[in-house]
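In listed order, ligands and their atoms are each counted from 1. Just so you know, residue 1 is the first one in the sequence shown, and it goes up from there.
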Amino acid sequence: MWANLPRILTLVVRGFVLTLAVLTAVVVIRTVTFPSYQTSPPECKTTDPDFIPADEERLARFTSAIQFQTVSYERGVGTPQELAKFVRFIQKSFPTVHSSPMVRRDVVGNYSLLYRVEGSDASLQPYMLASHLDVVPITEEANWEAPPFSGQLKDGYIYGRGTIDAKHSLMGSLEALEFLLSRRHQPKRTLYLAFGHDEETGGHFGAKVIGDVLTQRGEKIAFILDEGSPVGDGLAPGVSKLLALVSVAEKGFLQLRLEVNEEGGHASMPRSESAIGILSKAISKLEDNPHPNMFGTGPEARMMEYVATEMTLPYRILASNLWLFSPLVAWVYSRKPQTNAFARTTTALTRFNAGVKDNVISPEAVAVIDHRIHPMSSVEEVMEFDRKVINDPRVKLNVINNRPPSPTSPYGKDSPTYMMLQETIQQIYPDALVTPTFMVANTDTRHYLNLSSAIYRFNPYVMTPSDLPRFHGVNERISVQNYERVMNFYYHLIVNMDKPLELKRHGHEDEL
Ligand SMILES: *[C@@H]1O[C@H](CO)[C@@H](O)[C@H](O)[C@H]1NC(C)=O
Ligand SMILES: *[C@@H]1O[C@H](CO)[C@@H](O)[C@H](O)[C@H]1NC(C)=O
């Protein structure tokens, strides 16, 4: 047998080299032949006869919209007078929309707005564009470069709360509709505009009621577009072009209260374990054992594949060969909080309370864990995982609040609505790549889940990494150019919806 050893070793080495050669060949071939998922529809040009310019009048309307201080503070606590004034302003600002016999407007839940624009072909399912009237409160007012409710124009930017969240889409979609109706165009497909008034505090009195109204009408919606992820500029590694991120799902959440009750007593005669000690161990186990890395199971993997052919070399090899490199990419994702949030259900310890006196052993210890659930997982799975990891019946788990992750909307070439959205984005941003992703935050669409199986969350403006803190933060602003793109994006979307969506499913490749 020992005599055979050199031969066996030679065989093993040969086998290894051969495998490596085959793997390399497959990786190279896939990298070179990987399909492109991008399209190049006719570009929207400023010289088009139906281009909507951000002229003085439209900018003035947008500025005025920013000046209404429609702040939502907490659930049920908002600014009713400002909302009422804003609603009147909207009515006055878009006379064609508000006088057209094709348009029915309902005020829902006192302040939210639901418009129905009657299409000429009643056999087509309606679709819905959503946004919201309210904004988050102002922080660090002293650090703003322009007053937060001024809508001031400065160096090509409009400053103010709501410019990117989300009065841009509210005003932008109304401008598009006003423009369209003043040109006497009746859409083929019925269209809803839905504007909730308390999105920032959960939409319980706005979007919730809009959803109920539409459910009562028995309405089925072909697709819904709400605010969401932006066109990223430098937001993704390996991609030098603009990257339009279309969110096809939302993470869920689970807030858990962990509680331990043990005998208390005087600190002079402690038992070997205390409530605080037991709970601390449970929490440190949860932090040491993150929920499984799910990279590759949801839209986050497609996010790379859809732009693979456009990536710089090392990334291109990885993205075209996730069958092999998925574990490596998963590991890279897990290294930073910003990417880790896309790879797994996250665990955040948000509260820890115990003890009242220096010399008394606390009989009780309480902590709160905030999980954000990956779209491919579930509330039950997360609970089960935590129980197993803690593995101590003395730690009681109580659900404070939870929402399952949203279903994932269809995307890719098999989905005519996704492709229509992609095309529209690329008409406005001819140089941008479009890719699916999911949101780690929530939108009003949580109240619309039963109305449609195709729900997308997207903001048609560009954001750089340095713009991200402006969202809900200081110096929120939008460039005039971006606002112009927002208006034209909605206009093109409405016009594109006149084309037969369903037909595309049967492979009109040239049209895609
Ligand atoms: C609407 O307004 C009425 C009267 O001001 C009030 O009683 C009611 O609670 C309000 N409803 C909502 C949903 O805010
Ligand atoms: C959707 O329908 C289910 C079943 O009728 C219901 O339990 C759920 O609350 C509805 N969700 C929304 C967001 O309306």
Side-chain angles (χ1 to χ4, degrees), residues 72 74-76 78 106-116 125-134 165-166 169-170 190-229 246-256 298-299 345 370-384 398-411 415 417-418 421 436-458:
S72 284
E74 51 187 275
R75 185 172 174 157
D106 290 291
V107 179
V108 176
N110 288 354
Y111 313 105
S112 291
L113 300 175
L114 180 63
Y115 295 83
R116 180 186 163 99
Q125 259 186 9
Y127 65 104
M128 184 159 106
L129 307 176
S131 181
H132 56 91
L133 300 146
D134 62 325
D165 180 18
S169 57
L170 181 144
T190 294
L191 139 76
Y192 279 105
L193 299 185
F195 305 136
H197 70 268
D198 64 342
E199 189 276 341
E200 299 294 359
T201 50
H204 303 283
F205 303 97
K208 165 84 174 63
V209 187
I210 293 176
D212 290 345
V213 165
L214 292 171
T215 304
Q216 277 155 21
R217 288 187 197 168
E219 202 67 275
K220 285 280 164 221
I221 312 279
F223 90 99
I224 298 174
L225 177 67
D226 199 356
E227 60 170 337
S229 27
V246 176
S247 285
V248 297
E250 273 176 31
K251 275 184 127 176
F253 69 79
L254 171 64
Q255 280 152 0
L256 280 179
T345 296
D370 185 328
H371 287 298
R372 299 304 163 99
I373 308 171
H374 189 277
M376 296 297 131
S377 184
S378 66
V379 173
E380 296 71 30
E381 232 174 68
V382 173
M383 284 282 279
E384 182 60 27
N398 295 305
V399 175
I400 302 172
N401 210 342
N402 78 91
R403 181 175 321 118
S406 78
T408 301
S409 299
Y411 55 86
S415 162
T417 41
Y418 177 88
L421 202 54
T437 183
F438 62 79
M439 299 221 1
V440 295
N442 295 120
T443 65
D444 265 345
T445 59
R446 77 189 75 167
H447 300 295
Y448 303 146
L449 296 177
N450 286 348
L451 296 171
S452 180
S453 56
I455 301 184
Y456 304 98
R457 304 143 187 96
F458 172 68

Sub-4.0 Å protein heavy atom next to [atom]:
atom                    : answer
atom 13 (C) of ligand 2 : yes
atom 2 (O) of ligand 2  : yes
atom 9 (O) of ligand 2  : no

| field | Partner residues of His371 under the side-chain hydrogen bond (donor to acceptor under 3.5 Å, both in side chains) criterion, sequence neighbours left out | value |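 Listed in chain order: Thr347, Asp386.
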
| Would His197 and Asn110 count as a side chain to side chain contact (heavy atoms under 4.5 Å, CB included) if you check the C-alpha gap in whole Å, the side-chain angles of each, and the deciding distance to 0.1 Å? | CA-CA 9 Å; His197 70 268; Asn110 288 354; 5.7 Å; no

| Based purely on interatomic distance, does Asn450 place a nitrogen or oxygen under 3.5 Å from a nitrogen or oxygen of ligand 2? |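 Yes, Asn450 has an N/O under 3.5 Å of an N/O on ligand 2.
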
| task | Run the numbers for me: atoms of ligand 2, each under 4.0 Å from some heavy atom of Arg446, listed by number. | result |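 Result: 13 (C).
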
| field | Parallel, tilted or perpendicular, as decided by the 30° and 60° cut-offs, for the rings of Tyr456 and Phe223 | value |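 Correct class here is tilted.
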
| Listed once per pair and sorted, the salt bridge (charged side-chain N to carboxylate O under 4.0 Å, His left out) pairs that draw on residues 203-220, sequence neighbours left out |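 Counting only pairs at least two positions apart or across chains, the salt bridge (charged side-chain N to carboxylate O under 4.0 Å, His left out) contacts touching residues 203-220 are Asp106-Arg217, Arg116-Glu219, Lys208-Asp212.
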
| query | Which is it for Leu113 and Val107 under the side chain to side chain contact (heavy atoms under 4.5 Å, CB included) test, yes or no, and what are the steps along the way? | reply | CA-CA 5 Å; Leu113 300 175; Val107 179; 4.0 Å; yes

